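Since this is a predicted model, take the numbers as computed values, not measurements.
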Amino acid sequence: MKILKVLFVLVLILSNTLAFAQRPEGYPANNRTKQNINLNWKFSKMPKQDKPVTVAFDDSNWETVCLPHNPDPLSLWLDSVNYRWEQEAFIRDLNWYRKQLYIDLTQEEKAFIEFEGVHNATELYVNGKFVGRFEVNGYVPHHFDITDFVVSGKENTIAVLADNSFNPTISPDPYETDYLKWGGIYRDVYLVKTNKLHVNFNWEDFEAGVHITTPSVKKNNGTVSVKTTVVNEFDVQVDCRIETLLLDEHGYLVRKLSSEAKVGAGQTKTFRQTTEIVDEYRLWSPDDPYLYRAVSVIYTDGKAVDFVENKFGFRSVELVDGQGLLLNGAPFFMVGVNRHQSFPHIGDAVPNSMHYEAALRYKKAGINAVRLSHYPQDDSFIEACDELGILLYEEPATWIKWKEGEWMNKLERSLRMMVRNHRNHPSIIIWGAGINHRGPVPQLNNAAKEEDPFRLTASASAPWNGIKNAGVTDIYATMDYRQTDMPEGDFCMVMEHGFTHNGLGQQHHISRYKKRKNNIGAILWVGADYNRLQPKPESFDYMTDYGMQTAYRIPRPEYYWYKSELTDAPYVHIADESVYKNRKIHVYSNANKVALYADDKLVAVQKADNDPLRLWNDHPSFTFNHNWTNETLTAKAISFGQEISTHSRFKTQDPYALKLAVDNPDLKLVAGGSDLKMIRAYVVDKNGETVTDADVKVHFEAKGAGTIMYEDKHFTQNMQAYHGVATVYLKGNQENGEIKIRATSGKLKAANLSLTTIPFVADELAKAKPIYDYPTHKIDMQTEGQLEQFGWKIKNGEDTKQFEFEVEGCNFKVSSESDLEWREGTFAILGDLAFMACDGVFAKKGELVVTIKDVPKGKYRLITYHHSFQDLKKLFPYHMKVELNDANGVFDYVSDDAAVGIQDGKDIGERKPISVTNYIESDGVNPIVIKFETDNKGAETWLNGLEFKRIK
């Protein structure tokens with residue numbers, strides 16, 4: 001047994017050592033590691049006084065679980081509990097977690113446990129010793145410094161109390177809520193190791209971590225400012241240098257910023273670095289969610305000791321009277337949904353992949369905005385919205401009631417932590433600064449503006465009580481279930497509006513708000529159904545039934561109207577029979593006409609409904625009056641007389657078979673048990689149509705490398721079909737491999753499905769994308785004493801007949817059949833790169849040749865500039881003839897850029913001088929030769945400067 005334990009420790013030491021070897025390309029070796037420790041925890045509910053924290057405590061009979069974890073798996077109807085919505089006792093338990101964790105620290109390192117979210121307060125013990133308690137809010141991240149509690153080089157006993165007991169000082173307790181307060185460690189947990197000189201956590205303080213802003217956002221360039229706070233926990237002063245690498249979406253270096261300072265013992269230093277981005281500049285928007293990466297590397301004594309990475313985007317948001325919300329300078333109307341994070345049975349314990357899939361479903365429907373109701377949500381959902389292009393409105397955890405003092409102060413602190421944690425994300429444009437139903441709260445608004453003055457704040461108002469304007473916030477965000485009045489002097493959005501499952505209610509609300517310019521958005525309540533404890537006179541309401549999707553995220557018919565309204569690809573969809581009433585068939589399309597056929601017989605050709613309540617919609621739905629019996633319906637979308645899309649639907653018959661499916665099969669299930677996949681069994685008839693009212697139960701089995709989650713629970717053993725679909729969760733076993741799933745239901749035809757899991761990777765850094773630290777070398781060629789271009793390096797030819805210079809070890813030689821001649825830039829051209837183009841070297845006759853020697857093997861981008869100062873009238877325009885000879889051989893072409901005269905104010909011309917871009921490849925041995933010559937015999941061939949950059 002001792003031998004096995006020694007081998008286990010050796011494996012852990014080896015894996016820890018290999019963490020550096022597995023770093024993606026471009027990452028410097030340093031002390032920081034971030035290890036996901038979600039797997040293999042022991043769990044039990046126990047009274048606090050028993051304190052199962054000691055190393056010797058016997059937890060062998062505890063349940064083995066993985067995080068995220070819900071300690072209280074319940075049926076869709078919450079097992080019919082008899083509690084009211086204040087939820088003082090229901091699942092408000094003490095949930096204990098224990099884990100053995102190998103940790104190896106050097107004298108210069110520190111260790112932290114980072115929690116993304118724990119309900120409701122967190123107590124941490126290491127090796128039987130109390131580390132600390134966090135009891136601000138259950139929806140915000142937090143961490144503990146465990147350095148002084150760790151026994152280095154050994155297994156350490158980690159014990160966590162997820163204290164979900166009723167706490168009247170932690171919002172939204174002690175009051176009622178319209179959502180269930182689940183329990184457990186329900187988000188990811190990490191072991192973070194750093195050097196004692198390190199970047200601290202974003203949420204620690206106002207000046208903490210990395211804070212990225214874009215003070216200037218224009219169409220063609222922008223300014224980015226990066227604040228990075230470094231803490232020195234050595235007992236001596238250190239010399240600190242920070243390099244911040246700004247990378248494009250492919251990982252290529254755009255800018256490198258460097259700063260130095262002395263940091264005293266026990267002190268922090270906030271570095272402020274600001275630069276412009278002109279080259280490789282892109283805006284972030286829902287249509288083009290372009291993300292940059294900012295990698296901050298901390299050095300001392302010439303050695304990299306720490307790094308952190310953040311993503312950001314260039315986008316501007318402003319409110320302009322008469323235009324509404326401007327995104328990147330253009331009017332933008334938000335159409336979206338509210339989102340609760342919980343799922344049936346697993347509660348809030350939702351893995352990152354399912355948060356991503358939730359965002360992806362909204363994006364596929366064209367949804368461009370989500371309100372994160374009514375609490376801060378998982379980092380992975382925010383990151384998905386950054387990546388996919390969805391605007392977000394995030395708020396602290398409240399519902400209706402509130403009180404001054406400790407409760408409000410904790411709420412303010414949680415808001416500050418929420419803002420600090422998520423303020424680098426371009427998707428977030430609004431902070432909630434009110435109490436839901438109650439309106440603006442000055443204390444919250446002031447805190448949000450202090451932490452982040454670059455975003456808008458919203459009031460969370462209701463029309464039936466409180467002030468009917470934005471108050472101190474920027475936006476009057478209200479509910480509209482009763483034809484709410486709109487304040488004259490404010491920008492307004494309906495943060496919650498009503499529904500009908502045929503989509504008509506949504507269309508009415510959106511049209512109403514779109515017709516007033518200072519209204520900026522319409523957000524549906526709600527995106528997906530969720531559990532709650534809302535009492536009714538005779539029963540308890542455990543699950544809503546008005547979501548755009550069911551609680552299992554099955555789209556309802558209205559989902560498809562949003563897709564027709566908000567997406568551009570040709571589209572038509574016949575709503576299913578769940579909304580077929582009074583012989584009305586609802587069809588959704590973004591075409592201007594739809595033809596409906598019943599068994600190939602034309603029913604009608606119609607334009608979209610001419611409903612005055614829906615006139616401001618881009619694509620109101622189509623309503624056909626037809627007595628649908630057993631015919632096959634086919635809708636054909638017609639645009640300018642052409643059929644652009646079709647959709648057919650059969651009248652549903654009796655349930656016949658099951659059909660198994662998994663959402664987004666390209667997104668693989670990760671082994672280990674921390675990740676989940678929703679496996680769906682559709683109840684279909686003989687035509688393959690989903691029988692939405694099928695009242696059947698489905699039994700699922702999994703064999704191989706996976707398990708049906710909660711397979712021993714009564715509600716999973718025979719899963720009830722809901723809206724025609726039975727859904728269970730599949731988790732991977734410890735080892736990756738193939739899983740075979742089978743679904744059966746009485747006499748219905750069974751269904752089979754197989755999928756393969758991928759290995760779990762604990763090292764978060766191994767999931768990062770590479771860094772290509774390839775600077776762009778910008779060379780301005782001129783003679784002594786000339787005006788230089790900002791940001792370019794001067795290479796002085798000194799009027800020589802031959803011209804050579806070095807660029808990062810590569811030798812550049814400019815030559816010609818005739819002698820080289822030089823021009824002194826006595827005046828600049830008009831336009832971009834004016835001072836680079838105003839001087840340079842030229843050949844009066846023949847070719848101008850650029851020879852590059854000593855080029856390391858690889859691929860490169862070379863941009864050369866060729867502006868001439870000859871007679872404007874006779875010689876312009878001209879093109880450049882190019883001959884490229886590199887590792888791929890000889891390639892001849894004529895550049896499609898034409899040179900025009902841009903020397904004086906009489907000629908508008910181009911904004912930049914003519915340029916030629918060549919992508920070249922070096923074999924590492926032979927020189928690269930590029931020959932240039934104008935295609936106009938009377939024109940000289942010029943070279944003003946060049947840009948040289950290695951690419952992958």
Side-chain angles (χ1 to χ4, degrees), residues 33-39 41 65-71 95 97 99 101 111-124 132-146 158 160-164 170 181-192 200-204 208-210 308-311 339-343 346-356 358-359 372 375-386 392 394 396-397 413-425 428 670 672 674-676 760-765 767:
T33 62
K34 186 174 183 179
Q35 181 186 355
N36 183 302
I37 55 173
N38 282 353
L39 303 189
W41 289 77
V65 301
C66 293
L67 309 180
H69 178 249
N70 175 24
N95 299 298
Y97 298 83
K99 183 179 178 67
L101 188 60
F112 305 89
I113 300 290
E114 175 188 341
F115 295 91
E116 287 189 348
V118 177
H119 286 317
N120 197 31
T122 312
E123 279 187 14
L124 178 66
R133 180 177 171 90
F134 178 83
E135 55 176 7
V136 175
N137 194 263
Y139 296 93
V140 293
H142 48 284
H143 68 282
F144 297 91
D145 184 345
I146 63 170
I158 311 296
V160 181
L161 169 61
D163 184 352
N164 199 37
I170 301 178
K181 298 161 187 171
W182 297 94
I185 305 178
Y186 70 97
R187 291 179 184 163
D188 296 326
V189 181
Y190 304 96
L191 170 66
V192 179
N200 53 3
F201 292 90
N202 280 17
W203 51 81
E204 285 189 50
V210 177
V308 289
E309 179 174 317
N310 289 268
K311 292 182 179 179
R339 180 188 192 247
H340 273 302
Q341 66 184 11
S342 64
F343 280 64
I346 61 174
D348 287 345
V350 181
N352 296 337
S353 62
M354 288 177 60
H355 283 300
Y356 178 84
L372 303 176
Y375 38 77
Q377 298 197 13
D378 196 283
D379 291 349
S380 59
F381 186 80
I382 314 298
E383 291 163 2
C385 291
D386 287 343
L392 295 177
E394 188 171 33
R413 185 179 170 192
S414 72
L415 178 144
R416 290 180 182 273
M417 297 180 76
M418 172 189 78
V419 172
R420 294 167 187 169
N421 187 38
H422 288 156
R423 63 190 173 189
N424 293 334
H425 294 273
I428 296 179
V670 178
S674 179
D675 192 20
L676 299 175
F760 174 83
V761 178
D763 182 4
E764 291 295 300
L765 181 57
K767 305 171 188 176

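- Not counting sequence neighbours, the partners of Tyr375 by the side-chain hydrogen bond (donor to acceptor under 3.5 Å, both in side chains) test are His340.
- The shortest side-chain heavy-atom distance between His143 and Glu204 falls under the 4.5 Å cut-off.
- Pairing each heavy atom of Leu372 with each of Phe381, the nearest pair is CD2-CE2, 3.6 Å.
- Scanning for side-chain hydrogen bond (donor to acceptor under 3.5 Å, both in side chains) contacts around Asn95 gives Lys45, with sequence neighbours left out.
- Residue Leu765 holds its CG atom at 9.0 Å from OG1 of Thr33, rounded to the nearest 0.5 Å.
- Taking all atoms of both residues into account, the shortest heavy-atom contact from Trp182 to Asn164 is O-ND2, 3.3 Å.
- Nearest approach of Pro376 to Glu394, heavy atoms of both residues: CA-OE2, 3.3 Å.
- Remark: Arg416 pairs with Glu412, Glu450, Glu451 by the salt bridge (charged side-chain N to carboxylate O under 4.0 Å, His left out) rule, at least two apart or across chains.
- The distance from the CD1 atom of Ile382 to the NZ atom of Lys311 is 14.0 Å, given to the nearest 0.5 Å.
- We find the CZ-NZ distance between Phe112 and Lys34 to be 12.5 Å, quoted to the nearest 0.5 Å.
- For Asn202, there are no side-chain hydrogen bond (donor to acceptor under 3.5 Å, both in side chains) partners two or more places apart in sequence or in a different chain.
- Atom CG of residue Asn421 and atom CG of residue Asp379 lie 4.5 Å apart, to the nearest 0.5 angstrom.
- Looking at residues two or more places apart in sequence or on another chain, you find a side-chain hydrogen bond (donor to acceptor under 3.5 Å, both in side chains) between Asp386 and His425, Ser427.
- Taking CD1 from Ile113 and CD1 from Ile37, the interatomic distance works out to 4.0 Å, rounded to the nearest 0.5 Å.
- Residues passing the ring pair (Phe, Tyr, Trp, His ring centres under 6.0 Å) test with Phe134 are His142, sequence neighbours excluded.
- In terms of heavy-atom proximity, Ala111 sits nearest to Asp145 at O-OD1, 3.3 Å.
- Under the ring pair (Phe, Tyr, Trp, His ring centres under 6.0 Å) criterion, Tyr97 pairs with Phe43, His69, not counting sequence neighbours.
- Contact record, Asn38 with Val189: OD1-N, 3.1 Å, taken as the closest heavy-atom pair.
- Under the rule for a salt bridge (charged side-chain N to carboxylate O under 4.0 Å, His left out), the partners of Asp163 that lie at least two apart in sequence or sit in another chain are Arg133.
- Between Ile158 and Leu124 there is a side-chain heavy-atom pair separated by less than 4.5 Å.
- Inter-residue side-chain proximity for Leu161 and Thr122 is flagged as unmet; no heavy-atom pair is nearer than 4.5 Å.
- Side-chain contact check for Ile185 versus Pro68: every heavy-atom pair is 4.5 Å or farther apart.
- Screening Asn70, Asp348, Asn137 against His119 for a side-chain hydrogen bond (donor to acceptor under 3.5 Å, both in side chains) leaves a single residue, Asp348.
- Residues Trp203 and Val140 form no side-chain contact, since every pair of their non-hydrogen atoms from C-beta on lies 4.5 Å or further apart.
- Here the shortest heavy-atom pairing between Pro141 and Met417 reads O-CE, 3.2 Å.
- The CD atom of Gln341 sits 6.0 Å away from atom NE2 of His355, with the distance rounded to the nearest 0.5 Å.
- When side chains are defined from C-beta on, Glu114 counts as touching Phe201, because their heavy atoms get closer than 4.5 Å.
- Scored by the salt bridge (charged side-chain N to carboxylate O under 4.0 Å, His left out) test, Glu764 finds Lys767 as partners (sequence neighbours excluded).
- Under the 4.5 Å side-chain criterion, counting only non-hydrogen atoms from C-beta, Gln377 is not in contact with His422.
- In this structure, Ile346 and Met354 have side chains that are in contact, with non-hydrogen atoms separated by less than 4.5 Å.
- Remark: Asp378 engages Arg187 in a salt bridge (charged side-chain N to carboxylate O under 4.0 Å, His left out) (not counting sequence neighbours).
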